[in-house]
Student: 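Before I ask anything, here is the structure I am working with.
Since the structure is predicted, the reported quantities are computational estimates derived from the model, not experimental observations. So that the names make sense, note that chain A is the first sequence line, chain B the second, and so on, each numbered from 1.
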Amino acid sequence: MSAMNEPRTITIKPSTGWAALNLKDLWDYRELIYFFTWRDLKVRYKQTLLGASWAVLQPVLTMVVFSIFFGGLAKVPSDGVPYPIFSYTALLPWTLFSKALQDASRSLVSSANIISKVYFPRLILPISSTLAGLVDFAIAFVVLLLMMVFYGIHPTANLWLLPLLILLALITAIGVSLWLSALNVMYRDVGHMLPFLNQFWMYITPIAYSSSIVPEKWRFVYALNPLTGVVEGFRWALLGTGEGPGITLLISSCIAILITISGLFYFRRMERKFADLV
Amino acid sequence: MSKTAIRVENLGKKYNIGALVVKYPTLRDKISDGFKRHEKNADNFIWALKDVSFEVKEGQVLGVVGRNGAGKSTLLKILSRVTEPTEGLVEIRGRVGSLLEVGTGFHPELTGRENIFLNGAILGMRREEIGSKFDEIVSFAEVEKFIDTPVKRYSSGMYLRLAFAVAAHLEPEILVVDEVLAVGDAEFQKKCLGKMSDVAQQGRTVLFVSHNMSAVLRLTQETLVIDHGQLLMRGPTPEAVDFYLSKGLTQEGQKIWMEDEIATAAKPFRPIAIRVLDKHGGVADTVRSAEPFVIEIEYELGKPLKGLRVGIYLLTTRGEYIFTSFDTDDIKQYEANTVRQAGRYVSRCKIPANLLNEGRYVIGVNASTYLIKRYFQDDQALLFNVDPVGAPGMQWVETRLGTIRPVLNWQIENYESGEMRHGK
């Protein structure tokens with residue numbers, strides 16, 4: 001991609017087995033990540049009435065429903081903080097994750113026309129789809145700050161953990177969508193599975209309830225869901241509830257990294273067939 | 001003198017037909033098959049490209065010709081790294097830009113300005129590079145006034161011009177061009193050809209793929225002929241084009257279409273055969289200039305078609321069109337055949353005597369409904385020869401220039417005697 005004085009020689013030949021990750025190629029094309037992310041942002045709210053308010057409406061309305069039914073009627077315990085802010089704090093990283101998962105898993109198929117015509121590292125597509133979600137996250141975060149002012153909750157000194165948690169949510173989303181987007185090229189079943197997976201995953205993540213209701217002996221299994229670590233961490237860093245980063249977060253991080261590394265290799269292995277199959 | 005820009009060695013690409021027909025195997029199929037490996041059945045795949053080897057020197061403009069499905073696009077896709085070869089090796093010195101992806105990644109909601117940057121980045125340009133060429137691109141595309149308008153509001157001509165402009169300013173070491181000239185108005189096509197000559201003159205390597213023989217002849221010195229995935233010949237363009245047009249196409253004056261030559265999009269139209277018949281009604285690969293002959297197209301309709309017209313193009317072997325004619329050109333025929341029922345048909349066209357000069361001619365076939373759909377097109381369906389025996393002027397043994405050889409009425413006057421004599 002760089003301007004070359006002495007043209008470099010590229011060798012094209014059939015690859016066999018597991019391909020190298022070739023992250024250098026990805027680095028050479030870093031500007032394209034920026035351009036795809038920028039395009040997704042530019043286009044996302046074109047020709048909509050409410051525009052970027054959608055970024056706020058989604059988590060806020062979910063919070064309202066949760067607060068009425070789970071917080072108000074079912075009296076789900078919320079670790080001593082008001083239920084609305086309790087659930088909204090969890091909905092923030094969840095929305096970031098679930099949006100990234102949905103967009104990134106479909107990214108290859110929805111860019112089929114580009115994939116079948118131009119070469120670039122295909123990894124760019126799921127990565128840039130994931131990154132585009134960060135802007136929505138930032139907008140929705142402002143609402144959280146307003147709610148904290150309203151409820152008189154002071155942020156704790158634990159805030160330092162927040163960027164790492166956001167990173168963990170993104171890595172998990174990228175890892176899972178590396179698998180799903182590559183599978184989606186071959187099996188369109190993935191498209192049908194996504195809404196269900198999304199719903200299922202939301203129930204096994206402590207969003208509407210607190211993870212403290214999970215019996216101690218099952219905590220280990222529960223932590224296998226990387227989002228558990230993210231959501232718990234968010235509440236600890238912002239609201240000061242629950243415990244600080246510990247074994248749960250460690251398990252969550254390990255799982256996320258495992259999924260991502262295996263996803264990277266699987267994606268690279270399947271990459272050579274994308275243009276023929278998509 | 002110059003170095004090798006592209007070296008292709010024993011290149012092959014295998015496609016699994018099974019995977020193409022049943023495009024998306026579902027997960028359930030995979031599970032019910034027990035994840036067993038499918039037996040490698042010889043019928044299950046085709047070689048879109050096989051044992052292709054060639055080299056291109058830096059600064060060379062090389063033509064690539066071949067029929068639809070011959071493997072040209074597969075070759076270009078491998079060279080531009082979109083798909084991987086199944087076997088063989090390619091070495092490329094420098095960046096490959098291709099005009100086969102004109103407008104790739106254009107987003108309808110984005111403005112012209114935004115799309116230039118996005119498309120440029122997709123094609124592999126850096127941001128500063130696009131920025132420095134921005135004005136040039138805009139003025140080449142002639143869209144200055146609409147540069148901040150979403151491209152979905154562009155006319156198709158503007159859209160195409162902008163798309164081509166971005167690709168044309170990529171300035172890669174190696175440029176691959178595939179049939180872009182088939183689109184756009186005449187003025188713009190001229191501009192594109194001009195841009196291509198510029199690129200060639202700047203010493204860059206160009207691979208030019210086209211069905212337009214006159215463009216290939218004009219722009220390239222050497223040409224590859226590809227058929228059924230194999231490299232049939234490489235030679236000076238005039239020879240290669242002549243070889244391509246005459247190669248195995250004449251099967252004693254008739255061409256029968258095989259199932260794999262007909263795109264599925266042709267349905268319900270199915271071409272069967274095209275023949276040249278001499279004045280006695282026999283299939284012939286050579287007809288006489290001085291005698292009438294018949295071109296007939298046999299085809300089948302799977303279901304009734306409204307407004308169908310079946311016609312021919314007549315071309316020289318240099319690719320210039322002599323005429324185009326459809327079976328419903330005549331208004332009476334047109335009204336009598338508004339709907340053609342399913343069944344088998346022959347459309348027969350009588351070519352009058354004393355029309356064509358001696359030489360070789362190519363017949364192209366087109367079956368379409370005006371402005372709605374082109375069912376089938378084969379630009380080089382059949383080749384035939386015209387023999388000058390009996391034509392006017394045969395008392396002199398010479399080759400007459402020109403494509404037509406009409407019988408014309410001449411008068412010769414002698415002013416000195418004041419009399420007028422009529423020439424025969």
Student: Do Arg81(B) and Ile10(A) touch side chain to side chain, with heavy atoms closer than 4.5 Å?
Tutor: yes

Student: Given side-chain contact (heavy atoms from CB on, under 4.5 Å), test Phe36(A) with Ile122(B) step by step and report yes or no.
Tutor: CA-CA 9 Å; Phe36(A) 275 141; Ile122(B) 292 174; 3.9 Å; yes

Student: What part of Glu9(B) gets closer than 4.5 Å to chain A, counting heavy atoms only: side chain, backbone, both or neither?
Tutor: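 Glu9(B) has no heavy atom closer than 4.5 Å to chain A.
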
Student: Salt-bridged, Asp276(A) to Lys13(B), with N to O below 4.0 Å?
Tutor: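 A salt bridge is present here (some side-chain N lies under 4.0 Å from a carboxylate O).
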
Student: When heavy-atom pairs shorter than 4.5 Å are enumerated against chain A, which of Leu110(B), Leu79(B), Ile92(B) gives the highest number?
Tutor: Ile92(B)

Student: Hey, does the Lys NZ or Arg CZ of Arg39(A) hover above the aromatic six-ring of Phe117(B), less than 6.0 Å from the centre and inside 45° of the axis?
Tutor: no

Student: For Phe35(A) and Ala121(B), which heavy atoms make the closest approach, and how far apart are they?
Tutor: CD1-CB, 3.2 Å

Student: Is Leu11(B) close to chain A through its backbone or its side chain, or both, or neither, when contacts mean heavy atoms under 4.5 Å?
Tutor: neither

Student: Determine the minimum heavy-atom distance between Ile78(B) and Ile12(A), stating which atoms define it.
Tutor: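 Minimum heavy-atom separation between Ile78(B) and Ile12(A): O-CD1, 3.4 Å.
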
Student: Please classify the contact of Phe274(A) with chain B as side chain, backbone, both or neither, using a heavy-atom distance under 4.5 Å.
Tutor: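 The answer is neither part of Phe274(A).
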
Student: Quick one: what part of Ile115(A) sits under 4.5 Å from any heavy atom of chain B, side chain, backbone, both or neither?
Tutor: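 The answer is the backbone of Ile115(A).
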
Student: Would you indicate whether Lys152(B), at its atom NZ, is surrounded by more than 12 heavy atoms from other residues, nucleotides or ligands within a distance under 6.0 Å?
Tutor: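 Yes - once you tally the heavy atoms of other residues, nucleotides and ligands closer than 6.0 Å, there are more than 12.
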
Student: Counting C-beta onward and ignoring hydrogens, is there a side-chain heavy-atom pair between Val90(B) and Thr11(A) closer than 4.5 Å?
Tutor: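 No, every pair of side-chain atoms sits at 4.5 Å or beyond.
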
Student: Chain A: which of Glu114(B), Glu128(B), Glu91(B), Glu87(B) shares the most heavy-atom pairs with it under 4.5 Å?
Tutor: Glu114(B)

Student: Please report the closest heavy-atom contact between Val82(B) and Ala275(A), naming both atoms and the distance.
Tutor: O-CB, 3.2 Å

Student: State, with a plain yes or no, whether a side-chain heavy atom of Arg126(B) is found less than 4.5 Å away from one of Glu31(A).
Tutor: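 Yes; the side chains approach each other to less than 4.5 Å.
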
